[in-house]
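First the proteins, then the strands, lettered A, B, ... as listed; each starts at 1.
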Number of protein chains: 2
Amino acid sequence: MATTNSATKKKPAVRAADADGTEQRLLREAAHLFRKQGFAGTSTRELAAAVGLQSASLYHYMESKEDLLYAICVSGNQLMIDAVTKAIEGREPIEALYAAIRAHLTTAIENRDVYLTTLAEVKSLSPRRRREVQKTRQGYAEVLAGVVERAQEAGDIRTDISADHLMLVLRNLLSWTLFWFRTDGDLSIEQFADLGSKVFLEGARA
Amino acid sequence: MATTNSATKKKPAVRAADADGTEQRLLREAAHLFRKQGFAGTSTRELAAAVGLQSASLYHYMESKEDLLYAICVSGNQLMIDAVTKAIEGREPIEALYAAIRAHLTTAIENRDVYLTTLAEVKSLSPRRRREVQKTRQGYAEVLAGVVERAQEAGDIRTDISADHLMLVLRNLLSWTLFWFRTDGDLSIEQFADLGSKVFLEGARA
DNA sequence: GTCTATATTGTGATAGAC
DNA sequence: GTCTATCACAATATAGAC
């Protein structure tokens, strides 16, 4: 973040070195618990304990438990839009495809609690909010679709399969990774991104 | 489960044409609600209503709500083991790979409630039962791994990437499909299986 | 095999003191 | 901004009649 740490800042002594504020901690712990136990499987008392508060104190930061899930789901999709958009800018089509795959996977794993909750717990939102989140999710799909389409137009990837259909396969490749990847395993997420790109582009055939 | 199918009390004249018994209906509705709302998000009252009983009556068929989830998760994995094992038997390696992909996807979609619950709600089981389910899941992984390894040995698919790594990509391709596939869309699951096989084997490169 | 009634604990959320 | 105390109700599960 490009926040100015200028000593002349008017806000009362907000130093860049300050650790997460309580609101940030709350969101982080909520994402963590929602991922591990599901939204419905996480009580406000549990959440409060994780943050180090009484459950009543949570309501200083949120209006309801569902608010928290909504905030997480929106930020999860926005996170991916920002990361992939930034990763592809200024790149030639085929390089942009590689960069998008890598950026998606590294960002998703680095923000695993948030993004897995985003993917797996939308169902727990009210219909209205679920639709809102699906709109931000669609926004991300369009970013990825653009990458695939430009690679097709540049003649880098096959056009006998529609961009939509290639996208279905690509998103399968990307999304499920969150569910099994172990950061303590012998395969780094960058290595898996390379592996995935390779198989997606070259195929598994001998 | 509170199944007591011991031979001591075998009911006479059980016809194959009989519609689902109450126990089967209970399992089916549980899988449906667990998929839509999650395990923790589904109450025993809701479940009872879906089956057409009072919540207390459920306890004639189960010992606890978790029992139901456990039964679903075990049967989900067994379902896939059976389907894919049968689909590949007697087939040459590369044909077995195609058949496995197709059998996985069609079986998963036909039993979507059960299999999606199996994949997404294991986390809601007690540690002991979670481990048991992961064992049956590992059994299925071995079936698929055998298919990939035999295709490598036959020279049908590349060996510069290990079977384990090819499996990671293949399982991504297969698993995420459950989360977005629409049976009322313009793409049948068999068509998607063909699409997936094609991209997995040939690659997306022009 | 299904019911009514209920025990017991847990839940999201609020009131109001400090 | 955090607390204690509490409300109103929903949760899983049991008891025992029919």
Side-chain angles (χ1 to χ4, degrees), chain A residues 11-15 18-31 33-34 36-72 117 121 123-126 128-129, chain B residues 1-6 8-14 18-31 33-34 36-72 117 121 123-126 128-129:
Chain A
K11 278 236 173 169
V14 176
R15 283 163 309 180
D18 272 353
D20 288 353
T22 308
E23 185 166 6
Q24 285 303 311
R25 291 222 325 281
L26 173 55
L27 280 166
R28 222 186 43 209
E29 293 294 343
L33 291 171
F34 292 171
K36 279 206 317 189
Q37 310 175 335
F39 173 74
T42 302
S43 71
T44 50
R45 284 163 174 77
E46 239 179 325
L47 181 52
V51 181
L53 293 174
Q54 292 300 312
S55 65
S57 307
L58 299 181
Y59 292 85
H60 179 73
Y61 300 96
M62 65 186 201
E63 275 174 18
S64 70
K65 192 176 90 161
E66 204 206 293
D67 270 11
L68 237 35
L69 178 59
Y70 178 68
I72 290 164
T117 296
E121 294 295 330
K123 63 170 186 283
S124 301
L125 288 169
S126 68
R128 195 184 183 299
R129 285 181 152 177
Chain B
M1 288 302 301
T3 55
T4 45
N5 296 356
S6 69
T8 55
K9 202 137 181 232
K10 185 143 200 241
K11 279 235 173 163
V14 176
D18 271 353
D20 288 352
T22 307
E23 184 166 2
Q24 284 303 311
R25 291 222 325 283
L26 173 55
L27 280 166
R28 223 186 41 209
E29 293 294 343
L33 291 171
F34 291 171
K36 278 206 316 186
Q37 310 176 336
F39 173 74
T42 302
S43 71
T44 50
R45 284 164 170 77
E46 241 178 326
L47 183 52
V51 181
L53 293 173
Q54 292 301 311
S55 64
S57 308
L58 298 181
Y59 292 83
H60 180 72
Y61 299 96
M62 66 186 201
E63 276 175 16
S64 71
K65 194 176 90 159
E66 204 206 292
D67 270 12
L68 237 37
L69 178 60
Y70 178 68
I72 290 164
T117 296
E121 294 294 330
K123 63 170 185 284
S124 300
L125 288 169
S126 68
R128 193 184 185 299
R129 283 179 153 177

Applying side-chain contact (heavy atoms from CB on, under 4.5 Å) to L53(A) and Y61(A), what does each step give before you reach the verdict? CA-CA 12 Å; L53(A) 293 174; Y61(A) 300 96; 4.2 Å; yes

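One finds no side-chain N or O of H60(B) lying less than 4.0 angstrom from the OP1 or OP2 phosphate oxygen of dT2(C). Between Y61(A) and dT2(D) there is a side-chain N or O to OP1 or OP2 distance below 4.0 Å. The phosphate of dG10(C) has neither OP1 nor OP2 within less than 4.0 Å of any side-chain N or O from S43(A). Applying the 4.0 Å criterion to OP1 and OP2 of dG12(C), one finds that T44(A) has a side-chain N or O inside that range.
For the pair F39(A) CZ and dT11(C) P, the interatomic distance rounds to 13 Å; values are reported in whole Å. Atom P of nucleotide dT11(C) and atom CD of E46(A) are separated by 7 Å, given to the nearest angstrom. With rounding to whole Å, Y59(A) atom OH is found 15 Å from dC3(D) atom C1'. Rounded to whole Å, the distance from CG on L58(B) to P on dT4(C) is 13 Å. The nearest whole Å value for the distance from the NZ atom in K65(B) to the C1' atom in dA10(D) is 12 Å. Atom CG of L26(A) and atom C1' of dG1(D) are 13 Å apart (whole Å). Between Q54(B) atom CD and dA13(D) atom P there is a gap of 17 Å when expressed in whole angstrom units. Nucleotide dT11(C) holds its P atom 18 Å from the CD atom of E66(A), rounded to whole Å.
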Listed pairs, N/O of protein and of nucleotides 16-18 of chain D, under 3.5 Å:
none

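Side chain of S55(A) to backbone of T44(A): no donor-acceptor contact under 3.5 angstrom is found.
Side chains of L27(B) and M62(B) form no contact here, defined as non-hydrogen atoms less than 4.5 Å apart. F39(B) has its side chain out of reach of I72(B): every pair of non-hydrogen atoms, C-beta onward, lies at least 4.5 Å apart. Counting only heavy atoms from C-beta outward, the side chains of F34(B) and K65(B) approach each other to under 4.5 Å. Counting heavy atoms from C-beta outward, L68(A) and L47(A) have side chains that approach closer than 4.5 Å.
In this model, no side-chain donor or acceptor of R45(A) finds a partner on the base of dG10(C) within 3.5 Å.
Under 3.5 Å, the side chains of E121(A) and S124(A) contain a donor-acceptor pair of N or O atoms.
Between S55(A) and T42(B), the one whose closest nucleotide on DNA chain D sits nearer the 5' end is S55(A).
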